[in-house]
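Everything on this sheet refers to the single structure shown next.
All figures in this text were calculated on a predicted structure; none of them were measured in a lab.
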Amino acid sequence: MRRMLWWVAWPIGVLAAALIVATVATTRFGNASLYPPRPDSPRIEVFVAANVHHSGIVVPREALAEAARRRSLPALAAVAARFAGYERLEFGWGDEGFYTRVPTTAELTVALALRALFMPGNPSVLHVVGLAEHPRAAYPTAEMVVLTLGEEGFARLAVMLDATFARSGRDGTVEEMGRGLYGPSLFYRAVGTFNLFRVCNHWVADLLDAAGVPTAPVLATWPQGLLWDLTARASAVRLPPSSLPPTGKS
């Protein structure tokens with residue numbers, strides 16, 4: 001019996017040790033010149049919202065449009081104009097087949113998840129939602145944190161976000177793919193392929209890393225790991241659930 005327990009415990013211990021080593025080896029410590037922002041610099045709030053299998057980032061539309069103007073970011077300029085009138089925009093990235101077929105956790109199937117995670121070359125999409133209210137009011141039951149970025153950090157996040165949009169034709173316009181999952185939303189063709197080592201939460205973590213925020217890609221494999229790391233090392237503020245009825249989904 002003792003030998004059997006040893007044979008069970010040994011591979012678990014090796015796996016745990018490998019996970020710890022990988023987490024430490026790939027941890028990113030941020031850029032102190034960008035984050036946290038200096039007290040006298042302009043500040044921009046961004047939100048990270050997550051459910052069981054997905055996370056997205058919410059940013060102010062006007063700040064995004066201004067960054068697009070200053071940095072000559074045509075994709076974001078077009079999206080900001082397309083969603084004119086909305087206070088904030090939520091962006092999510094993911095596998096095209098999975099994202100467009102799984103509007104809620106209830107539609108999640110093992111077959112879809114396995115294909116998205118392990119099949120090579122999965123094309124990706126961006127999901128953009130216009131929010132006319134505070135993110136907590138829009139997604140009252142989602143797990144959510146808020147971070148305050150500086151102007152330069154936000155601009156670098158915007159540059160990476162702009163680069164995620166695929167371009168079509170000679171004029172390099174963004175490619176709309178039709179109505180999104182909920183509310184005023186659209187899908188856009190994106191660059192990059194989705195797999196186990198590059199999921200939606202990694203994409204969010206990369207955007208924040210560009211803004212100077214410390215992130216850990218291994219922990220970001222899971223939405224809860226991403227949020228835990230942001231609260232533990234980046235001083236992100238976790239927002240409690242709201243009692244307001246939902247107006248969208250996360």
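- The minimum heavy-atom distance between L147 and A234, with the atom names listed, is CD2-CB, 4.1 Å.
- H54 places no side-chain N or O within 3.5 Å of a backbone atom of N51 that could act as its donor or acceptor partner.
- Not counting sequence neighbours, the partners of E66 by the side-chain hydrogen bond (donor to acceptor under 3.5 Å, both in side chains) test are R69, R70.
- Between V58 and E87 the shortest side-chain heavy-atom distance does not fall below 4.5 Å.
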Exercise. Output, in order, the C-alpha distance, side-chain angles, deciding distance and verdict of side chain to side chain contact (heavy atoms under 4.5 Å, CB included) for V46 and V146.
Key: CA-CA 6 Å; V46 301; V146 57; over 6 Å; no
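- The closest side-chain heavy-atom distance from L219 to Q224 is not below 4.5 Å.
- Sorted by first and then second residue, the salt bridge (charged side-chain N to carboxylate O under 4.0 Å, His left out) pairs involving residues 48-60 (not counting sequence neighbours) form an empty list.
- Using cut-offs of 30° and 60° on the angle between ring planes, the pair W93 and W203 is parallel.
- Taking the centre of each ring, Y182 and H127 come in below the 6.0 Å mark.
- With a 4.5 Å cut-off on side-chain heavy atoms, P223 and V52 do not count as touching.
- Between N201 and S55, the closest heavy-atom pair is OD1-OG, 2.7 Å.
- Between I57 and F47, every side-chain heavy-atom pair lies at or beyond the 4.5 Å cut-off.
- The closest donor-acceptor contact from the side chain of T231 to the backbone of L227 lies under 3.5 Å.
- Residues F165 and V79 meet the side-chain proximity criterion, which asks for heavy atoms closer than 4.5 Å.
- T148 approaches Y35 most closely through the heavy-atom pair O-CE1, 3.3 Å.
- Formation of a donor-acceptor pair under 3.5 Å by the D162 side chain with backbone atoms of A75 is found in this model.
- When the side chain to side chain contact (heavy atoms under 4.5 Å, CB included) test is applied to A158, the partners found at least two apart in sequence or on another chain are L64, A67, L73, L76.
- Residue pairs meeting the salt bridge (charged side-chain N to carboxylate O under 4.0 Å, His left out) criterion with at least one member in residues 43-65: none, sequence neighbours excluded.
- Across all their heavy atoms, L34 and A211 have their closest contact at CB-O, 3.5 Å.
- With R136 contributing its side chain and L239 its backbone, the two residues share a donor-acceptor pair below 3.5 Å.
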Quiz item: So E96 and R189, side chain to side chain contact (heavy atoms under 4.5 Å, CB included) or not? Walk me through it.
Solution: CA-CA 9 Å; E96 178 182 340; R189 182 75 64 192; 2.6 Å; yes
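- Not counting sequence neighbours, the partners of P60 by the side chain to side chain contact (heavy atoms under 4.5 Å, CB included) test are I44, A63, F154.
- Atom CZ of R179 sits about 9.5 Å away from atom CG of L186, to the nearest 0.5 Å.
- Between R88 and P135, some side-chain heavy-atom pair lies under the 4.5 Å cut-off.
- Scanning for side chain to side chain contact (heavy atoms under 4.5 Å, CB included) contacts around A155 gives R71, with sequence neighbours left out.
- Applying the salt bridge (charged side-chain N to carboxylate O under 4.0 Å, His left out) test to pairs two or more places apart or on separate chains, those with a residue in residues 201-222 are R28-D206, R28-D209, R198-D206.
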Exercise. Just do the side chain to side chain contact (heavy atoms under 4.5 Å, CB included) check on V128 and E90 with the steps written out, would you?
Key: CA-CA 6 Å; V128 184; E90 179 202 6; over 6 Å; no
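- Under a hydrophobic clustering in which Ile, Leu, Val, Met, Phe, Trp and Tyr are joined whenever their side-chain heavy atoms come within less than 4.5 Å, directly or via other members, L126 and V191 fall into different clusters.
- No more than 12 heavy atoms of other residues, nucleotides or ligands sit less than 6.0 Å from atom CZ of R82.
- V174 and A78 get closest at one heavy-atom pair: CG2-CB, 4.5 Å.
- Residues that satisfy the side-chain hydrogen bond (donor to acceptor under 3.5 Å, both in side chains) test with S185, not counting sequence neighbours, are absent from this structure.
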Quiz item: So E175 and Y188, side chain to side chain contact (heavy atoms under 4.5 Å, CB included) or not? Walk me through it.
Solution: CA-CA 6 Å; E175 184 179 349; Y188 290 86; over 6 Å; no
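- In terms of heavy-atom proximity, A216 sits nearest to D229 at N-OD2, 3.0 Å.
- S72 is linked by a side-chain hydrogen bond (donor to acceptor under 3.5 Å, both in side chains) to nothing, counting only residues two or more places apart in sequence or in another chain.
- When side chains are defined from C-beta on, R233 counts as touching T27, because their heavy atoms get closer than 4.5 Å.
- Scanning for side chain to side chain contact (heavy atoms under 4.5 Å, CB included) contacts around P184 gives Y86, with sequence neighbours left out.
- Using a 4.5 Å cut-off on side-chain heavy atoms (C-beta onward), L208 and V48 make contact.
- Distance check, rounded to the nearest 0.5 Å: OG1 of T193 to CG of D95 gives 9.5 Å.
- Taking the salt bridge (Lys or Arg N to Asp or Glu O under 4.0 Å) definition, one finds that R238 meets it with E143, sequence neighbours left out.
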